[in-house]
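Read the numbers this way: they start at 1 and go in the same order the structure lists the ligands and their atoms.
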Amino acid sequence: MSRSIEPIIVIGAGVIGLSCATVLQSRYPQAVITIVAAEFPDSNVPSADYASAWAGAHYRPIPQSTAQLRDEAQLAFRTMEVMRNIARNSPDAGVATMQGIEYVENPGDDVSGLRTGDVYAGPGDGFRILEQSELPVGAKWGCDYQTYALNVHVYCQWLLDRFVARGGKVFQYHLSRASEAFDLLQRDGGPPIKTVVNCSGRNFDQDPKMKIIRGQTVLVKQQYCKTITRQNRDGSWIFLIPRPRHGGTIVGGTKEIGDFYEKARPETRSKLLQMCVEAFPDFVGSVEEFEVIKDNVGRRPWRDGGVRTEVEAFGQDRRIVHSYGAGGRGYELSWGIAERVAQLMGRNSNIPARL
Ligand SMILES: Cc1cc2nc3c(=O)[nH]c(=O)nc-3n(C[C@H](O)[C@H](O)[C@H](O)COP(=O)(O)OP(=O)(O)OC[C@H]3O[C@@H](n4cnc5c(N)ncnc54)[C@H](O)[C@@H]3O)c2cc1C
């Protein structure tokens, strides 16, 4: 089969870049697709800026109280469908379906309209509002539904391995801006690169709508069986996310807007473990019993208005397809975002796609 048609470059090997590259690979089987990234899933010491390496990660739906959240819910439902298939068919991918539980101390209007039987995480999620008798002390609202969690290291490496096994290329390089990618891999006499998909997480800090939200969590050896979140009255959170394939459990976590501190704060670790013992006594009975594997600190690439999926013309016949700014939801929106990128490309491309 000829591979001489227009190549595609995807910037970024986080969950968004890997998912976009995977979907584009199946839509454009004849195109040479190269992922260019400063950091890849096998980086030994990932930086705090490589958010995908530090995520929990679970799918915790957000009630659809705004147009943005309604749109994101569609992306999340589609992602849930794909993740369920992966969990069922590819046990080595590090994805597992499981029960999700939430407790809220100070419920707002966004949850008061929800009813048992509603679609919360996606069709067939078994969503149920908990009875008062099922709530722990201090919680006023709670729910139970089917969701999934990922072992992020296993999952991202699995995506990358599949991409490479199907003919995808990788190139480790630190770009100064997205447009630099057009000329980076241009070979003499080879077809010109006209499409760059920008999954750089933060768009090189050139988008004024971008902020970072620092997250600190603790990975412990003990393995929990479901993902559970408690939102406290003071705005703090405590959650547990089991990592499939015996990866331990994430005890989280903080959401610190604009805080770039990249080391773990010991006092944050102590506070999270203490809160965990108080909120989820069935997991670990005392702080001393925790077997801590490591602290995690990552910067969520949050964008005001939500993820940017948009085509930007660059010169006469080049374009950058943007796909960055997924904030704290990159995993749970990933497949929906990747398919949206492929749709955008289909409308703006001369490259023959497989329908
Ligand atoms: C503590 C924490 C917990 C989280 N929990 C969850 C969760 O439970 N569920 C969920 O869905 N999400 C969660 N997230 C959010 C999730 O991690 C992000 O939304 C997601 O990782 C963003 O993916 P991305 O691919 O857009 O960016 P990134 O993962 O940051 O990847 C960006 C890629 O672009 C490359 N890149 C950037 N700049 C350049 C450059 N100049 N040159 C070359 N390459 C470049 C990087 O090297 C990297 O490969 C969490 C995040 C944190 C920090």
Does ligand 1 come near enough to Tyr331 that some N or O of the ligand is less than 3.5 Å from an N or O of the residue?
yes

May I ask you to decide whether Lys221 forms a salt bridge with Glu289, counting only side-chain N to carboxylate O separations under 4.0 Å?
no

Please report whether ligand 1 has a polar contact with Val36, defined as an N or O pair separated by less than 3.5 Å (distance criterion only).
no

Heavy atoms of Phe182 and Phe314 approach each other most closely as CE1-CD2, 3.5 Å

Just which atoms of ligand 1 are under 4.0 Å from any heavy atom in Ala13?
33 (C), 48 (C), 49 (O)

Looking at ligand 1, does any of its N/O atoms fall within less than 3.5 Å of an N/O of Ser176?
no

Are the charged groups of Arg84 and Asp125 less than 4.0 angstrom apart, N to O?
no

Checking the N or O distance criterion of under 3.5 Å, is ligand 1 in contact with Ala57?
no

Separation between CD1 of Ile86 and OH of Tyr155, rounded to the nearest 0.5 Å
4.0 Å

Using a 3.5 Å cut-off on N or O atoms only, is Ala51 in polar contact with ligand 1?
yes

Pairs of nitrogen or oxygen atoms closer than 3.5 Å, one from Gly215 and one from ligand 1: do any exist?
no

Close N or O approach (Leu175, ligand 1; < 3.5 Å)
yes

Would you mind running through ligand 1 and noting each atom that sits below 4.0 Å from a heavy atom of Tyr173?
42 (N), 43 (C)

Does His58 approach ligand 1 within less than 4.0 angstrom via side chain, backbone, both or neither, non-hydrogen atoms only?
both

Would you confirm whether Glu134, through its side chain, and Glu131, through its main-chain N or O, come within 3.5 Å as a donor-acceptor pair?
yes

Enumerated ligand 1 atoms positioned under 4.0 Å from heavy atoms of Phe204
40 (C), 41 (N)

Salt bridge or not between Arg230 and Glu105? Use side-chain N to carboxylate O under 4.0 Å.
yes

Under 4.0 angstrom from ligand 1, any heavy atom of Tyr59?
no

Run the contact test for Val15 against ligand 1 with a 4.0 Å cut-off on heavy atoms, strictly below, and give the result.
yes

Measure the distances from the heavy atoms of Tyr324 to every atom of ligand 1 and state whether one is below 4.0 angstrom.
no

Give a yes or no on whether a salt bridge exists between Arg115 and Asp118, defined as a side-chain N under 4.0 angstrom from a carboxylate O.
no

Which atoms of ligand 1 are found less than 4.0 Å from any heavy atom of Cys199?
32 (C), 33 (C), 34 (O)

Top protein contact for atom 5 (N) of ligand 1, by heavy-atom distance:
Gly56 N, 3.3 Å

Of all the heavy atoms in Gly253, does at least one lie under 4.0 Å from an atom in ligand 1?
no

For ligand 1 and Gln216, I'd like to know whether there is a polar contact (N/O to N/O, distance under 3.5 Å).
no

Kindly say whether the aromatic ring centers of Tyr331 and Tyr59 come within a distance under 6.0 Å.
no

Identify, for atom 50 (C) of ligand 1, the protein heavy atom at the shortest distance, and state residue, atom and that distance.
Ala55 CB, 3.5 Å

Note: Leu69 and Arg329 closest approach over all heavy atoms is CD2-NH1, 4.0 Å

Carboxylate-amine/guanidinium contact Asp304 Lys211, below 4.0 Å
no

Identify, for atom 51 (C) of ligand 1, the protein heavy atom at the shortest distance, and state residue, atom and that distance.
Arg300 CG, 3.5 Å

Using a cut-off of 6.0 Å, state whether more than 12 heavy atoms not belonging to Lys294 lie near its atom NZ.
yes

Please write down residue, atom name and distance for the protein heavy atom closest to atom 37 (C) of ligand 1.
Ser200 O, 3.3 Å

Give yes if a backbone or side-chain nitrogen or oxygen of Thr217 is under 3.5 Å from a nitrogen or oxygen of ligand 1, and no if not.
no

Hey, can you tell me if Tyr173 and Phe171 have their rings parallel, tilted or perpendicular (30° and 60° cut-offs)?
parallel

Looking only at heavy atoms of Asp49, does any of them come nearer than 4.0 Å to an atom of ligand 1?
yes

Does anything in residues 138-163 form a salt bridge (charged side-chain N to carboxylate O under 4.0 Å, His left out)? List the pairs, not counting sequence neighbours.
Arg128-Asp144

Protein heavy-atom partner closest to atom 46 (C) of ligand 1 - residue, atom, separation in Å:
Glu39 N, 4.2 Å

Working to the nearest 0.5 Å, report the span between CD1 of Ile11 and SG of Cys20.
12.0 Å

Within the 4.0 Å heavy-atom shell around Trp54, which atoms of ligand 1 are there?
1 (C), 2 (C)

Which residue supplies the protein heavy atom nearest to atom 22 (C) of ligand 1, what is that atom called, and how far is it?
Pro301 CG, 3.9 Å

Out of Ala76, Ala326, Ser334, Gly327, whose heavy atom is nearest to atom 19 (O) of ligand 1?
Gly327

Taking the six-membered ring where the residue is Trp, are the ring centres of His322 and Tyr324 under 6.0 Å apart?
yes

In ligand 1, which numbered atoms sit nearer than 4.0 Å to a non-hydrogen atom of Gly12?
33 (C), 34 (O), 35 (C), 49 (O)

Considering heavy atoms of the protein only, find what lies nearest to atom 26 (O) of ligand 1 and give residue, atom and distance to 0.1 Å.
Ile16 CG1, 3.3 Å

What is the minimum heavy-atom distance between Ser52 and Gly14, and which atoms define it?
OG-CA, 3.4 Å

So, for Pro41 and Tyr50, which heavy atoms are closest and what is the spacing to 0.1 Å?
N-OH, 3.1 Å

How close does the nearest protein non-hydrogen atom get to atom 45 (C) of ligand 1, and which residue and atom is it?
Ala38 N, 3.9 Å

Which atoms of ligand 1 are found less than 4.0 Å from any heavy atom of Gly201?
26 (O), 27 (O)

Side chains of Glu39 and Ser47: do they bring a donor and an acceptor to under 3.5 Å?
yes

Which one of Gly14, Gly330, Ser52 has a non-hydrogen atom at the shortest distance from atom 23 (O) of ligand 1?
Ser52

Run the salt-bridge test on Glu332 and Arg60 with the 4.0 Å N-O cut-off and return the result as yes or no.
no

Taking the minimum heavy-atom distance to atom 12 (N) of ligand 1, which of Cys20, Pro46, Gly328, Ala37 ranks first?
Gly328

Could you list which atoms of ligand 1 come closer than 4.0 Å to a heavy atom of Gly298?
53 (C)

